[in-house]
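Note that this is a predicted model, so its numbers are computed, not measured.
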Amino acid sequence: MNIYTLEPPATSKTGVQRIYGGNGTNKSDFRKAPIDVFWMSGYLRKNGFDNIFHDSNNSRETLDDLEKRFLSEKPNVVFFSTSTCTIYEDVKVATIAKKVNPSCITVAFGTHVMELTTETLAEAPDVDIGIFSNEWELVALDIVNNLNNLSSAKGIVYRNSNNELVKTDPHPPLKQYDDLGFPAHDKLDQSLYADPTMRRSPKTMVQFSRSCIAKCNFCCQPAFFGNVMNRSVDSIIEELKWVKELGFKEVFINDATFTYDHDWNKEIFQRMIDEKIDLSWWCTTRSHCLDKELLSLMKQAGCHTIGVGFESADDQVLKNIKKGLRLDYIKNAIKMTRDADIDILLFCVLGFLGETRESMYETIDFLQTLNASFITLGIAVPAPGTGFYHQMKEKGYLLHDKWDLYDPLKLPVYNYPNLSAEEIYDAAAYG
């Protein structure tokens with residue numbers, strides 16, 4: 001069986017985000033290793049199904065390039081990642097696979113497909129299977145183990161012999177995060193991955209906890225991935241040593257709130273220091289989940305940058321999105337982080353419910369007072385399946401469901417009664 005695990009081509013010159021519910025065009029040439037795809041690759045291999053992993057997004061290959069690959073390698077099964085704003089182009093992967101091999105089984109996964117599984121398959125007749133359960137790796141193994149009897153595979157919608165869409169039972173949840181093994185770091189093209197924050201190369205991505213402690217209503221993590229689950233420190237250290245042996249010098253830790261459990265963190269960092277795991281790295285967390293002692297250990301263990309979600313300087317907007325944040329948290333986090341000689345990156349967004357002209361410029365003015373190393377300013381996107389999306393739909397603020405326009409670098413897909421899409425776009429683009 002010739003199995004492909006694929007990150008589809010980019011839909012912009014600077015690439016796109018699809019990882020675990022990421023959605024949108026990159027502002028700069030930001031190339032992140034697609035850990036959800038190469039973790040699926042590693043898990044399938046761990047269970048006896050080796051496969052071809054390929055990243056067309058970060059290699060900047062086109063659909064024509066991909067067709068040439070398929071002609072050469074003749075896949076029998078293709079698993080491919082998706083996102084909301086790329087979905088129309090992503091499903092063309094299935095069309096190409098069927099063109100090369102009409103009997104090829106095509107499988108789409110990602111949060112957009114989880115929320116709109118039946119709708120996606122109905123609109124994309126070359127997609128055979130959509131994964132709706134959040135344990136994508138486990139479901140992928142179920143699929144390849146049951147290709148001749150897909151009704152036995154859990155967590156999917158598939159086409160039967162009469163071209164009817166059939167939904168199976170949800171897949172049982174993952175019990176132990178360690179059971180997934182390691183992502184297939186050895187399958188990555190080490191020359192591809194880079195971003196503006198990095199200090200060394202080559203670079204890969206790791207993930208030590210799944211989901212997030214927060215319940216922000218715009219985010220795919222709480223909407224789709226449930227409660228937080230940690231990996232064991234032994235598993236983490238073993239993976240980092242393997243990453244180092246493969247020649248990687250830097251990692252991005254793709255945890256939504258990496259520093260929420262300080263005892264676990266300190267054990268990881270102390271092991272990295274004691275065992276001389278020489279990797280530089282950066283991570284993301286929440287502003288109230290940092291303290292001076294932890295930051296000192298992080299610096300010693302190789303941390304150079306911390307990303308923190310900030311979103312807005314307006315208290316009502318923060319309440320509306322269930323951010324659980326105060327401005328003094330941000331100020332304190334910036335001071336402690338910079339004092340520890342670590343850079344800090346703030347993620348800010350305009351356009352959430354409750355936004356006004358005044359609140360947008362209040363946020364922009366506040367940002368200019370901060371001593372952050374990097375600041376990103378994007379536009380709120382109501383991703384299908386999130387609380388934000390459901391609120392916007394119920395209130396009638398959404399203008400359309402043209403999914404390729406649900407992108408934080410494009411004109412908002414909504415108007416508020418006293419704030420237009422154009423005003424939000426101009427504020428985000430020009431300050």
Side-chain angles (χ1 to χ4, degrees), residues 1-8 18 20-21 36-54 66 70 73-83 87-88 90-175 179-181 184 224-226 384-385:
M1 192 187 310
N2 200 2
I3 302 171
Y4 239 88
T5 48
L6 177 73
E7 173 77 358
R18 295 187 183 92
Y20 287 123
D36 45 0
V37 184
F38 69 100
W39 209 325
M40 180 182 287
S41 176
Y43 184 71
L44 287 171
R45 178 175 62 184
K46 177 176 181 280
N47 287 276
F49 294 95
D50 203 1
N51 55 89
I52 299 169
F53 161 79
H54 187 65
L66 187 60
F70 285 173
E73 290 155 347
K74 303 279 191 310
N76 305 111
V77 184
V78 176
F79 293 92
F80 62 94
S81 181
T82 66
S83 72
I87 190 66
Y88 300 142
D90 295 340
V91 297
K92 292 179 182 178
V93 168
T95 301
I96 292 169
K98 293 285 191 184
K99 177 182 175 183
V100 171
N101 176 12
S103 64
C104 182
I105 302 298
T106 57
V107 187
F109 66 96
T111 56
H112 184 88
V113 174
M114 286 174 67
E115 176 65 14
L116 300 170
T117 322
T118 301
E119 294 88 339
T120 300
L121 268 65
E123 294 173 2
D126 291 316
V127 179
D128 296 310
I129 301 171
I131 296 177
F132 72 82
S133 283
N134 64 15
E135 310 295 1
W136 301 336
E137 305 88 351
L138 305 185
V139 176
L141 180 60
D142 235 21
I143 290 169
V144 296
N145 275 325
N146 293 281
L147 282 176
N148 295 321
N149 183 21
L150 287 173
S151 63
S152 296
K154 300 290 196 298
I156 66 171
V157 173
Y158 71 95
R159 298 180 194 279
N160 66 14
S161 57
N162 295 320
N163 203 34
E164 299 165 327
L165 297 180
V166 179
K167 186 174 184 177
T168 66
D169 292 335
H171 198 285
L174 178 67
K175 293 181 180 179
D179 291 346
L180 289 183
F224 291 101
F225 297 105

Using the side-chain contact (heavy atoms from CB on, under 4.5 Å) rule, take Phe132 and Val139 through it: C-alpha gap first, then chi angles, then the decisive distance, then the call.
CA-CA 9 Å; Phe132 72 82; Val139 176; over 6 Å; no

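Looking at every heavy atom in both residues, Phe80 comes nearest to Pro8 through CB-CG, 4.1 Å. The nearest pair of heavy atoms linking Asp126 to Ala94 is O-CB, 3.3 Å. The two residues Tyr158 and Ser151 come nearest to each other via the heavy atoms OH-CB, 3.4 Å. Among all heavy-atom pairs drawn from Thr5 and Ser41, the shortest one is OG1-CB, 3.4 Å. When every heavy atom of Met114 is checked against every heavy atom of Asn134, the shortest pair comes out as CE-CB, 3.6 Å. The two residues Pro75 and Asn101 make their nearest non-hydrogen contact at O-ND2, 3.1 Å.
Aromatic ring orientation, Tyr20 versus Trp136: parallel (interplanar angle below 30°, classes split at 30° and 60°).
Between the side chain of Thr168 and the main chain of Ile156, a donor-acceptor pair closer than 3.5 Å is present. One N or O on the side chain of Arg159 and one on the backbone of Leu121 form a donor-acceptor pair closer than 3.5 Å. At distances below 3.5 Å, not a single donor-acceptor pair connects side-chain atoms of Asp169 with backbone N or O atoms of Lys154. With Asn160 contributing its side chain and Asn162 its backbone, the two residues share a donor-acceptor pair below 3.5 Å.
Considering Leu6, Ile131, Val127 as possible partners of Val107, the one that fulfils the side-chain contact (heavy atoms from CB on, under 4.5 Å) test is Ile131.
Residues satisfying the salt bridge (Lys or Arg N to Asp or Glu O under 4.0 Å) test with Asp128, not counting sequence neighbours, are Lys98. In terms of the salt bridge (Lys or Arg N to Asp or Glu O under 4.0 Å) criterion, residue partners of Lys92 (sequence neighbours excluded) are, by chain and number, Glu89.
Looking at Thr95 and Val91, their side chains never come closer than 4.5 Å, going by heavy atoms from C-beta outward. A 4.5 Å side-chain heavy-atom check between Val144 and Ile105 finds every atom pair outside the cut-off. Using a 4.5 Å heavy-atom cutoff, the side chains of Phe224 and Glu115 are in contact. With contacts defined as side-chain heavy-atom distances shorter than 4.5 Å, the pair Phe79/Ile143 qualifies.
We find the NE2-CD distance between His54 and Glu73 to be 8.0 Å, quoted to the nearest 0.5 Å. Between the CZ atom in Arg18 and the CZ atom in Phe109 there is a gap of 10.0 Å [rounded to 0.5 Å]. Summarising the geometry, atom CD belonging to Glu135 is positioned 12.0 Å from atom NZ belonging to Lys175; distances are rounded to the nearest 0.5 Å. Between atom CD of residue Glu123 and atom CG of residue Leu116 there is a gap of 8.5 Å, rounded to the nearest 0.5 Å. Atom OG of Ser152 and atom CG of Leu147 lie 11.5 Å apart (nearest 0.5 Å). Between Leu150 atom CG and Ile129 atom CD1 the span is 4.5 Å, to the nearest 0.5 Å.
Open room surrounds NZ on Lys167; 12 or fewer heavy atoms of other groups in view lie less than 6.0 Å from it.
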